[in-house]
Amino acid sequence: MKIIELPIEFEFNGQKNYIYPSLIILENELTLVDTGYTNFLNLIENEILKNGYEIKNLKNIIITHYDDDHIGSLYDFKEKYPWINIIASEIESKYISGEMKAERLVQAEKMLENMPNEDMEFGKWFIQQLKNLKHVSIDEKLHDGDMILDNNCRVIATPGHTSGHISLYFPSLKSVITGDSAVKENHELVIANPHFCLDLEKAKQSLTKIKNLKAENYYCYHGGKFPL
């Protein structure tokens, strides 16, 4: 078994950006963790192919949490490859499937009420992005401590950024896939977007929790692998 990061380059507001979805290779089966923004299907497909793997072997997609840069292309993947098993925490699955209004949308609408005029256009755009996300039903719902991927991976509840956020711990690889429970900035692990954390105190606790695993590798969705 091994984990590789998939550097996805894109432009946002005229600036070059990257996200780093993870690909887990377990024998001949592939598991993708998070799917980028809407219309990122081809970018991720190309990166998987570039690494020498075939999409027909993509068995699972694990979603760390409901945010548009993590679930944006989930619907497209499921449409194109209907056999893929979609996995998320039980809490996040309610938002991804549309059973409940997403926390992030509730937060964004509330923030819009007190937003300065110069930020209003972006706020409205962001809300529309969230509203445009297509719902996908979840095949497997996870809880803290669950062992998945043939018992090679332990689910770690890391609430704070969102309430049902999960990270993935691989004891045999001494590795963690962090989602947004940590990002790599200036050669250290820090909280992702504190301003947007739904519960900052819990986010701090979750960051401490994954740091305490003392993993050799942290695969951060923003910032890439830590350490290099």
Side-chain angles (χ1 to χ4, degrees), residues 1-26 28-88 92 95-96 102 104 122 125-139 149 161-162 165-168 175-185 192-193 196 217-226 228:
M1 182 176 64
K2 65 178 178 176
I3 301 168
I4 60 172
E5 61 179 10
L6 305 173
I8 306 297
E9 181 185 322
F10 63 101
E11 198 173 283
F12 186 75
N13 278 347
Q15 291 185 316
K16 190 185 286 187
N17 279 269
Y18 288 89
I19 53 168
Y20 298 87
S22 295
L23 189 69
I24 303 158
I25 299 98
L26 181 58
N28 292 321
E29 290 180 352
L30 306 177
T31 297
L32 175 67
V33 183
D34 293 330
T35 64
Y37 287 100
T38 306
N39 298 322
F40 272 35
L41 172 77
N42 289 343
L43 293 174
I44 294 173
E45 277 179 331
N46 290 340
E47 202 59 37
I48 291 173
L49 294 170
K50 196 190 292 183
N51 278 278
Y53 299 101
E54 295 185 64
I55 306 293
K56 69 178 184 183
N57 294 325
L58 184 58
K59 184 188 177 187
N60 307 298
I61 291 177
I62 301 175
I63 297 296
T64 58
H65 66 293
Y66 183 105
D67 261 339
D68 65 330
D69 56 333
H70 292 256
I71 67 160
S73 289
L74 180 62
Y75 180 87
D76 293 341
F77 268 100
K78 188 66 175 179
E79 278 286 286
K80 189 169 181 181
Y81 309 111
W83 67 81
I84 293 177
N85 190 43
I86 309 297
I87 304 171
E92 298 293 310
Y95 309 127
I96 298 167
R104 189 65 76 208
F122 175 80
W125 173 85
F126 183 63
I127 286 169
Q128 197 55 51
Q129 291 296 107
L130 292 172
K131 286 182 174 178
N132 289 344
L133 290 170
K134 293 178 180 175
H135 299 305
V136 180
S137 60
I138 303 302
D139 301 306
L149 303 179
H161 190 76
T162 63
H165 190 292
I166 55 170
S167 302
L168 305 172
S175 296
V176 175
I177 295 175
T178 69
D180 280 358
S181 63
V183 298
K184 188 178 85 173
E185 283 181 11
N193 271 338
F196 287 101
N217 298 295
Y218 290 87
Y219 291 86
C220 299
Y221 196 74
H222 300 284
K225 189 177 167 189
F226 173 85
L228 277 176

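Along the sequence shown, residues are numbered consecutively beginning with 1.
Between the CZ atom in Arg104 and the CG atom in Leu133 there is a gap of 12.0 Å [rounded to 0.5 Å]. For the atom pair OG1 of Thr35 and CD1 of Ile63, the computed distance is 4.5 Å after rounding to the nearest 0.5 Å. To the nearest 0.5 angstrom, His161 atom NE2 is 4.5 Å from Asp67 atom CG. Atom CD1 in Ile55 sits 5.0 Å away from atom OH in Tyr81 (nearest 0.5 Å). With rounding to the nearest 0.5 angstrom, the OG1 atom of Thr31 is 9.0 Å from the CD1 atom of Ile177. Remark: Asn42 CG to Ile8 CD1 distance equals 10.5 Å, nearest 0.5 Å.
Applying salt bridge (charged side-chain N to carboxylate O under 4.0 Å, His left out) to Glu45 and the options Lys80, Lys56, Lys50 leaves one that passes, Lys80. Results of the side chain to side chain contact (heavy atoms under 4.5 Å, CB included) test with Leu30 over Ile61, Leu58, Asn51 single out Leu58 as the only residue that passes.
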Distance-only donor-acceptor hits, side chain of residues 68-77, under 3.5 Å, sequence neighbours excluded:
from, atom 1, to, atom 2, distance (Å)
Asp69, OD2, His222, NE2, 3.1
His70, ND1, Asp34, OD2, 2.8
His70, NE2, Asp180, OD1, 3.3
His70, NE2, Asp180, OD2, 3.1
Ser73, OG, Tyr37, O, 2.5
Ser73, OG, Asn39, N, 3.4
Ser73, OG, Phe40, N, 2.8
Ser73, OG, Leu41, N, 3.4

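In Gln15, the CD atom is not crowded: 12 or fewer heavy atoms of neighbouring residues, nucleotides or ligands sit closer than 6.0 Å. Summarising the local packing, CG of Asn132 is surrounded by more than 12 heavy atoms from other residues, nucleotides or ligands at distances under 6.0 Å.
A donor-acceptor pair is defined here as one N or O able to donate and one able to accept, closer than 3.5 Å; no such pair exists between the side chain of Lys16 and the backbone of Glu9. Between the side chain of Tyr53 and the backbone N or O of Asn28, no donor-acceptor pair lies under 3.5 Å. A distance-only check finds a donor-acceptor pair linking the side chain of Asp139 to the backbone of Ile86 [under 3.5 Å]. Checked by atom type and distance alone, the side chain of Glu5 pairs as donor or acceptor with a backbone atom of Lys225 at under 3.5 Å.
With a 4.5 Å cut-off on side-chain heavy atoms, Tyr218 and Ser175 do not count as touching. Side-chain contact between Leu32 and Leu6 is present, with at least one heavy-atom pair separated by less than 4.5 Å.
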Exercise. Take Tyr219 and Leu168 through the test side-chain contact (heavy atoms from CB on, under 4.5 Å) and record every step on the way to the result.
Key: CA-CA 10 Å; Tyr219 291 86; Leu168 305 172; over 6 Å; no
Practice problem: For Ile62 and Ile166, run side-chain contact (heavy atoms from CB on, under 4.5 Å): C-alpha distance rounded to whole Å, both residues' side-chain angles, the deciding distance at 0.1 Å, then the answer. | Solution: CA-CA 10 Å; Ile62 301 175; Ile166 55 170; 4.3 Å; yes
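Ring pair Tyr95/Tyr66 is perpendicular by interplanar angle, where above 60° counts as perpendicular and below 30° as parallel.
Between Lys134 and Glu79, none of the side-chain N atoms (NZ, or NE/NH1/NH2) sits under 4.0 Å from a carboxylate O, so this pair counts as no salt bridge.
In terms of the side chain to side chain donor-acceptor pair (under 3.5 Å) criterion, Glu54 has no residue partners (sequence neighbours excluded). When the side chain to side chain donor-acceptor pair (under 3.5 Å) test is applied to Ser181, the partners found at least two apart in sequence or on another chain are Ser167.
Summarising the geometry of Ile25 relative to Leu23, their closest heavy-atom pair is CD1-O, 3.7 Å, with the distance given to 0.1 Å. Annotation for Asn60 and Ile84: closest pair C-CG2, 3.9 Å, computed over non-hydrogen atoms. In plain terms, the two heavy atoms of Ala88 and Ile138 that are nearest each other are N-CG2, 3.8 Å.
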